[in-house]
Amino acid sequence: MEKAKRKISIIGSTGSIGTQALEVIEKLQDEFEIVALAGGSNVDLLKIQVEKFKPKFVYASKPIFVDGVECVSSLEDICSNKANDIILVAVSGKIGLRPTLTAIENGIDIALANKETLVMAGDIVMNRAKAKGVNIIPVDSEHCAIHQCIKDISQVEKLIITASGGPFLHKTVDDMKAATVEQALAHPRWHMGKKITVDSATLMNKGLEIIEAHHLFGFDYDKIDVVVHPQSIVHSAIEYVDGSVIAQLGLPSMHIPIQYAITYPKRFEGIKSKSFSFADIARLDFEKPDFEKFPCVKLAYEAGRIGGTATVCLNAANEEAVFAFLDGKIKLFNIYEVTQEMLSRHNAIKNPSIDEIFETDEKVRNLTRDYISKLA
Ligand code: NDP
Ligand code: MG
């Protein structure tokens, strides 16, 4: 008898995470059946993926025609399809939130790459997932590492999130102030989408990950530490109450956390190409993050501690500032200044509804764009 395959959909299949997920699935063809693939504007790549992986459904920002495949009209159409056992949410930005909630309401497990979903609405998402008995398995490598380390969460004292430090780790603040878009996009360890790569240069990515960890694992911000670890071999760690530290290590590749999240709780050789060798790695370095040079981390702690819509504001202002930087309208360092200004003006709503979250997001984006237009 043929064994049952896990039925999966990928939203954001044409992105950095999405394409790597398809590489994982290609190696594990006997384990997966693809229900749907969804992308945005890169229709050419999506068509190639659809022809190769033959899902039943496809979604793109504009209609796409492939023989035998039904084109649906929204990401929610995919995420409400109960044929799915699991959905990989690999779109970027705020568009991940509604489809994630739709999947949760339909009792479908989620492999979550899109950190903005938790930064914007972590309380609602985690509460609904708990109520529906839905598993949310993190793809983000740090959270995936912590997920792998935790055995008994009640005995964990704190979380230790590692940060590679990005391209400006050992550069001066002046170097950062003069940084070009090209320099900011030249991440030494990871090849990712542009938005997250800029966030990695300012370390806002780490800030967003602190908030993501707070929601995923339910730890206070005082119990979430960040340590810089340039080699990106230790993907994060936890400290138990007795002082034992458990870390997850591996070669820096997103294939491993993606595979872990979509095959959980099983493990497979799958995409692994090389065995790990401590001797080849030879050394692992750690240092304290420099909050003067990377103030975005402090700002994220601040927004997280305020809670409610403060993290919505942080996320929206930062994202708009990153887009403005990529468009050449502001400097890299302005991203912090703009985000800080927006946060200082924001009156956070406690326990916001989803509508209030989206309203806040829209309002902050408009204010941020307006503020940036007057900066020059
Ligand atoms: P990319 O920019 O490479 O990919 C984004 C994906 O979202 C693309 O498939 C894009 O489609 C799709 N998309 C964008 N807008 C829409 C839309 N309106 N409707 C449907 N699809 C849309 O991002 P990454 O893969 O780097 O990141 C994805 C998420 O994962 C982010 O939230 C990021 O923070 C997180 N993450 C990424 C990591 C990485 O290593 N890349 C690591 C950890 C987390 P198209 O290109 O066709 O327009
Ligand atoms: Mg990460």
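Atoms within each ligand, like the ligands themselves, are counted from 1 in listed order.
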Between Ala21 and Leu88, which heavy-atom pair has the shortest distance, and what is it? CB-CD2, 3.3 Å
Looking at Val227, Asp140, Thr162, which hits side chain to side chain contact (heavy atoms under 4.5 Å, CB included) with Ser236? Thr162
Heavy-atom nearest neighbour in the protein, as seen from atom 4 (O) of ligand 1, with distance rounded to 0.1 Å: Gly15 CA, 3.2 Å
With the Mg ion (ligand 2) as the point of reference, which N/O/S atom of Asp140 is the closest? OD1
Asn114 N/O to ligand 1 N/O under 3.5 Å: yes
Do Thr102 and Glu76 have side-chain N/O donor and acceptor atoms under 3.5 Å apart? no
Decide whether an N or O pair under 3.5 Å exists between Ser141 and ligand 1. no
Ring-plane angle category for Phe276 and Phe278, please: parallel below 30°, perpendicular beyond 60°, tilted otherwise. perpendicular
Could you tell me whether Asp85 and Arg6 make a salt bridge, using a distance below 4.0 angstrom between a side-chain N and a carboxylate O? no
Could you tell me how the ring of Tyr221 sits relative to the ring of His214: parallel (under 30°), tilted (30 to 60°) or perpendicular (over 60°)? parallel
Angle at the Mg ion (ligand 2) between OE1 of Glu142 and OE2 of Glu209, to 10°? 100°
Would you tell me whether Arg345 and Gln340 have side-chain atoms, one donor and one acceptor, within less than 3.5 Å of each other? no
Pull out every atom of ligand 1 sitting under 4.0 Å from any heavy atom of Met254, numbered as shown with elements. 40 (O), 42 (C)
Just distances here: any N/O of Ser16 and N/O of ligand 1 closer than 3.5 Å? yes
Out of Gly40, Ala90, Gly193, who is nearest to atom 2 (O) of ligand 1 when you count heavy atoms only? Gly193
Give the atom numbers and elements of ligand 1 that come within less than 4.0 Å of a heavy atom of Gly12. 6 (C), 7 (O), 9 (O)
Among side-chain atoms of Asp174 and Thr172, is any donor-acceptor pair under 3.5 angstrom? no
Heavy-atom contact check, 4.0 Å cutoff: does Ala38 meet ligand 1? no
Considering non-hydrogen atoms of the protein only, which is the closest contact for atom 7 (O) of ligand 1, and what is the distance? Val91 CA, 3.3 Å
Numbering as shown, the atoms of ligand 1 that approach Ile196 to under 4.0 Å (heavy-atom distance): 26 (O), 33 (C), 34 (O), 36 (N), 37 (C), 38 (C), 42 (C), 43 (C), 44 (C)
Could you find the nearest protein heavy atom to atom 5 (C) of ligand 1 and give me its residue, atom name and distance? Ser92 OG, 3.5 Å
Donor-acceptor pair between Asp123 and Asn351 side chains, under 3.5 angstrom: no
Examine the proximity of ligand 1 to Glu116 and report which part, side chain or backbone, both or neither, has a heavy atom under 4.0 Å away. side chain
Does Asn42 reach ligand 1 with a nitrogen or oxygen that is under 3.5 Å from one of the ligand's nitrogen or oxygen atoms? yes
Report the member of Gly39, Ser253, Ser61 with the shortest heavy-atom distance to atom 21 (N) of ligand 1. Gly39
Considering heavy atoms of the protein only, find what lies nearest to atom 34 (O) of ligand 1 and give residue, atom and distance to 0.1 Å. Lys115 CE, 3.4 Å
For Met192, the ligand 1 atoms whose distance to one of its heavy atoms is below 4.0 Å: 26 (O), 39 (C), 40 (O), 41 (N)
Specify the protein heavy atom at minimum distance from atom 43 (C) of ligand 1: its residue, its atom name, and the distance to 0.1 Å. Asp140 OD1, 3.0 Å
Please determine, by modelled atom types, if His143 and Glu209 share a side-chain donor-acceptor pair under 3.5 angstrom. no
Which of the atoms of ligand 1 are close to Thr14, meaning less than 4.0 Å from one of its heavy atoms? 8 (C), 9 (O), 10 (C), 11 (O), 45 (P), 46 (O), 47 (O)
Kindly identify the option in Thr197, Ile10, Ile95, Leu37 whose heavy atom sits closest to atom 16 (C) of ligand 1. Ile95
State whether Phe333 and Lys177 meet the cation-pi test: NZ (Lys) or CZ (Arg) under 6.0 Å from the six-membered ring centroid, and within 45° of the perpendicular axis. yes
Taking a cutoff of less than 4.0 Å between a non-hydrogen atom of the residue and any ligand atom, is Ser41 in contact with ligand 1? yes
Shortest non-hydrogen contact from Gly250 toward His235: O-NE2, 2.9 Å
Which residue supplies the protein heavy atom nearest to atom 35 (C) of ligand 1, what is that atom called, and how far is it? Ala113 O, 3.2 Å
Going by the side chain to side chain contact (heavy atoms under 4.5 Å, CB included) test, name the single residue among Thr360, Val364, Asn366 that passes it with Glu362. Asn366
Evaluate Ile17 for polar contact with ligand 1, using N/O atom pairs at a separation under 3.5 Å. yes
Do the ring planes of Phe217 and His147 sit parallel (below 30°), tilted (30 to 60°) or perpendicular (above 60°)? tilted
